[in-house]
Amino acid sequence: MFLTQQYQKLIGLLTVSLLLLIGCAGDSGNQTASNSSSSDSNTMNSKKATDPNVIICETADPDKLNPITYQSAGSGYIQAKMMYPLVNIDFATLELVPVIAKSRGKIEERPDGGLLITYEIREEAKWDDGTPITAKDVAFTYKLYLAPSSAVDNARLRPYYEFIEDVKFYDDNPRKFTVVCKEKYIRAESSSGTIAPLPRSVYDPEGLLEKFTIKQLSQNPESAANDPDLKKFGKQLSDEKFSREKGYIAGAGPYEFDYWETKKRIVLKRKKDWWGNALKGTNTFFDVNAPQITYEIVQDPSTRIVALKSEKIDVMRTIPPKDFIDLEDSDKFKQNFKKYTPPFLSYTYLGLNSKNSKLKDKKVRQALGHILDVQTIIETVQYGLGEQITSGIHPTNPAYNKSIKPFEYSIEKGKKMLEEAGWKDSNGDGLLDKNIAGENVKFEFDFIYNSTNKQREATGLIFQESARQAGIKINVIPQEWSVYLENLKNHNFDIYYGAWVSTPLPYEPKQIWHTDSQRGGSNYVGFGNAKTDQMIETIRETINDAERLPIVKELQAIQHDEACYLFMFSPKERIAIHKRFTSAKAYTMRPGYWAPSLALSK
């Protein structure tokens with residue numbers, strides 16, 4: 001159980017650190033974090049006091065509800081109610097707990113240096129048609145992640161499963177299987193276990209993947225890339241029906257997809273005869289109460305707050321800081337809602353396209369780091385509800401490199417560095433310019449963000465003003481969510497406002513920072529070289545904390561120096577939940593609550 005012990009150690013350290021952070025802040029991950037009357041008062045005057053259904057506010061439509069090809073975090077939160085994994089991270093303990101599996105995986109070391117992880121699926125676990133969930137269903141789902149990305153749109157996820165070499169089945173027990181890992185990998189247990197099995201009858205009714213073995217797809221994926229059946233499967237999987245149509249979005253979770261009304265709402269209904277009902281009380285994921293969960297899409301920030309106060313919304317997360325504070329002025333809100341501010345594992349940053357001719361010089365990117373006034377952004381946009389960071393690892397994590405100092409805010413220092421990089425105002429028009437490939441180029445670029453996000457817009461405007469003083473023109477441009485994501489994926493941007501959400505698992509940087517992830521992954525900014533790639537591979541394979549953490553910290557130093565990401569802050573979450581749900585708790589892990597567990601007072 002070598003790997004399991006390493007996980008327990010890391011998660012335990014993170015849990016302690018988070019509790020210390022919560023305690024120092026006077027908050028509680030399981031209690032309201034506000035000392036306001038809305039939190040302390042038990043009085044409620046609500047027209048919805050007996051309504052058990054839950055309405056959650058979302059700021060935009062998810063990109064899609066396809067479990068393999070989706071990109072947005074919002075989509076993942078919705079799917080989590082419909083598609084249950086073998087094991088999952090418990091919201092309260094931050095430890096892996098069994099869900100579809102009977103227990104966490106049994107881990108053994110192979111003589112050749114790899115690992116064996118054995119799971120057994122619960123006898124109760126069944127698909128909606130009553131047939132049992134078997135090892136073959138899990139293996140089918142592994143194939144979706146391991147198939148060549150040129151045939152199946154899985155490039156965002158494939159790096160997390162490349163360690164899988166094969167799956168061993170047992171003739172005497174169709175629910176038991178062993179994942180054969182070709183190498184030690186810090187996320188072997190979580191990656192192999194948090195996969196949500198998908199029903200073959202829905203996602204591959206023609207059996208197109210049956211002829212491919214996991215070993216073939218793992219060891220030599222490109223040999224299958226041009227196979228007509230695989231290409232046909234990949235094309236079918238990308239069909240829109242698997243993203244938004246009833247009957248084509250399915251899993252082993254307690255809820256089923258009902259309908260999606262674009263830019264209005266997505267509705268999930270609790271399954272009548274869900275297999276997990278018999279296991280209620282086992283852990284958080286079997287604490288299912290809400291008959292219906294509706295994700296109400298409200299794009300306008302002001303309209304969202306009005307909807308919350310008028311009880312058209314039951315749950316809202318990531319409330320804009322000013323609105324969150326101003327809610328204390330509403331007696332109606334305080335009567336019917338509680339506020340929560342748990343810390344959560346996420347960070348914000350500005351992504352700089354290092355392949356852009358204006359931004360490819362590291363000194364230019366560092367100069368922009370000196371021009372970005374992060375403290376003002378935290379104080380004026382976040383109302384102090386954030387902590388400045390220099391890395392994508394949460395400051396409470398032992399792997400966080402505390403020795404890295406943030407870029408000092410200094411417009412003069414930034415201007416000097418830009419001048420050293422060849423950017424000068426040669427014609428006196430107030431804008432810096434430079435001769436690039438024989439052409440005089442103005443230092444002007446676009447700052448893109450997802451539309452309706454006022455915090456990101458305000459950040460862009462603060463950056464715009466600082467840049468203006470340095471002789472740089474910034475165009476702050478909102479984009480519809482799906483367009484914004486597509487532009488990131490295609491590296492079609494100068495600078496963008498981004499944010500990543502993490503989990504309390506060992507740091508795994510490949511998906512965002514490896515050069516392989518520039519093609520179909522999430523390395524939108526073009527970071528990396530042979531040295532950093534090798535560091536990332538070593539991090540993935542090094543189980544021992546004492547050996548791995550120095551490499552993780554060195555990689556953070558390189559990331560900061562390269563300045564492809566201008567790290568800004570790790571925010572505190574801002575959540576409101578209706579008081580009628582007396583079981584409500586707020587958690588560190590996103591989205592900060594577990595909607596199925598919300599229940600009325602008995």
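It should be emphasised that the depicted structure is a prediction, and the values quoted were computed from it without experimental measurement.
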In sequence, state the C-alpha distance, the side-chain angles, and the governing distance for Tyr77 and Arg590, and then conclude on side-chain hydrogen bond (donor to acceptor under 3.5 Å, both in side chains). CA-CA 8 Å; Tyr77 301 147; Arg590 290 280 275 173; 3.3 Å; yes
Pair Ile100, Trp275 - check side chain to side chain contact (heavy atoms under 4.5 Å, CB included), show working. CA-CA 10 Å; Ile100 288 179; Trp275 61 270; 3.8 Å; yes
One pair to check against side chain to side chain contact (heavy atoms under 4.5 Å, CB included): Asn336 and Met44. What are the steps and the verdict? CA-CA 5 Å; Asn336 297 319; Met44 184 174 63; 3.3 Å; yes
Apply side chain to side chain contact (heavy atoms under 4.5 Å, CB included) to the pair Met83 and Ile249, showing each step before the final yes or no. CA-CA 9 Å; Met83 300 163 188; Ile249 302 170; 3.7 Å; yes
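Two residues are said to be in side-chain contact when any heavy atoms from C-beta on lie closer than 4.5 Å; Lys48 and Asp314 meet this criterion. Considering only heavy atoms from C-beta on, Asn277 comes within 4.5 Å of Arg270 through its side chain. Taking the side chain as every heavy atom from C-beta outward, Ser72 and Pro62 approach each other to under 4.5 Å. When side chains are defined from C-beta on, Phe286 counts as touching Val99, because their heavy atoms get closer than 4.5 Å. You'll find the side chain of Arg122 stays beyond 4.5 Å of the side chain of Ile133, heavy atoms only. In this structure, the side chains of Ile78 and Leu268 come closer than 4.5 Å at one or more pairs of heavy atoms. Within the 4.5 Å cutoff, side-chain heavy atoms of Leu217 are placed close to those of Pro148. Between Ser46 and Glu311, some side-chain heavy-atom pair lies under the 4.5 Å cut-off.
A salt bridge is defined here as a Lys NZ or Arg NE, NH1 or NH2 lying under 4.0 Å from an Asp or Glu carboxylate O, and Glu537 with Lys510 meets this definition. Between Lys263 and Glu58 there is no salt bridge, since no side-chain nitrogen of the basic residue lies less than 4.0 Å from a carboxylate oxygen of the acidic one. A salt bridge between Glu256 and Lys269 is absent, with no side-chain N of the basic residue lying under 4.0 Å from a carboxylate O of the acidic one. The pair Arg317-Glu573 does not count as a salt bridge, with every side-chain nitrogen at least 4.0 angstrom from each carboxylate oxygen.
Between Val202 and Ala250, the shortest heavy-atom distance links the atoms CG2-CB, 4.2 Å. Among all heavy-atom pairs drawn from Glu222 and Ser150, the shortest one is OE1-OG, 3.7 Å. Closest heavy-atom contact between Phe91 and Pro591: CE2-CD, 4.2 Å. Closest approach of Arg519 to Ala155, counting heavy atoms only: O-CB, 4.2 Å. Between Ile89 and Pro504 the shortest heavy-atom distance is CG2-CG, 3.9 Å. Nearest heavy atom pair, residue Ala188 against residue Leu115, reads CB-CD1, 4.1 Å.
Thr284 and Asp90 share a donor-acceptor pair across their side chains, judged by distance under 3.5 Å alone. For the residue pair Ser218 and Lys182, a side-chain donor N or O sits within less than 3.5 Å of a side-chain acceptor on the partner. Remark: the Asn154 side chain and the Lys143 side chain contain no N/O donor-acceptor pair separated by less than 3.5 Å. A donor-acceptor pair shorter than 3.5 Å can be found between the side chains of Ser192 and Tyr119. When only modelled atom types and interatomic distance are considered, Thr59 and Gln299 share no side-chain donor-acceptor pair under 3.5 Å.
One finds the CG atom of Asp112 at 7.5 Å from the CD atom of Glu165 (value rounded to the nearest 0.5 Å). Atoms OG1 and CD, on Thr213 and Gln219 in that order, are 8.0 Å from each other to the nearest 0.5 Å. Remark: Ile313 CD1 to Ile55 CD1 distance equals 6.5 Å, nearest 0.5 Å. The CG atom of Leu237 sits 13.5 Å away from the NZ atom of Lys235 when rounded to the nearest 0.5 Å. Atom CD in Glu261 sits 11.0 Å away from atom OG1 in Thr294 (nearest 0.5 Å). In this structure, CG in Leu116 is found 6.0 Å from CZ in Arg110, a value given to the nearest 0.5 Å.
Listed for the Thr194 side chain is no donor-acceptor partner under 3.5 Å among the backbone atoms of Val87. In this structure, the side chain of Asp153 does not engage the main chain of Thr69 through any donor-acceptor pair within 3.5 Å. In terms of modelled atom types and a separation under 3.5 Å, the side chain of Arg175 and the main chain of Thr134 share no donor-acceptor contact. Within the 3.5 Å criterion, the main-chain N or O of Gly113 finds no donor-acceptor partner in the side chain of Glu183. Of the possible donor and acceptor atoms, one in the side chain of Asn289 sits under 3.5 Å from a partner among the backbone N and O of Ser597. A donor-acceptor distance shorter than 3.5 angstrom exists from the side chain of Thr141 to the backbone of Leu198, with no hydrogens or angles considered. Judged by distance alone, with hydrogens and angles left aside, the side-chain atoms of Ser601 form no donor-acceptor pair with the main-chain N or O of Thr582 at under 3.5 Å. Listed for the Ser75 side chain is a donor-acceptor partner under 3.5 Å among the backbone atoms of Lys64. No donor-acceptor pair under 3.5 Å is formed between the side chain of Asn450 and the backbone N or O of Tyr484. Here the side chain of Arg187 pairs no donor or acceptor atom with the backbone of Tyr160 at under 3.5 angstrom.
Aromatic rings of Phe285 and Trp594 (six-membered ring for Trp) have centroids within the 6.0 Å cut-off, being under it. Ring centers of Trp274 and Tyr84: under 6.0 Å apart, within the cut-off. The aromatic ring centroids of Phe169 and Phe177 lie 6.0 Å or more from each other.
Note that Lys176 lies in the cation-pi zone of Tyr170, set by a 6.0 Å cut-off to the ring centre and a 45° limit from the axis. A cation-pi arrangement is not found for Arg244 relative to Phe257, the charged atom failing to lie both closer than 6.0 Å to the ring centre and inside a 45° cone about the ring normal.
Checking each of Glu162, Glu508, Glu541 against Tyr185 for a side-chain hydrogen bond (donor to acceptor under 3.5 Å, both in side chains) leaves exactly one that passes, namely Glu508. A ring-ring contact (aromatic ring centres under 6.0 Å, His included) with Tyr203 is found for one member of Trp127, Tyr248, Phe242 and no other, namely Phe242.
Aromatic ring orientation, Phe581 versus His578: perpendicular (interplanar angle above 60°, classes split at 30° and 60°). Classification of the Phe233-Phe140 ring pair by plane angle, with boundaries at 30° and 60°, yields perpendicular.
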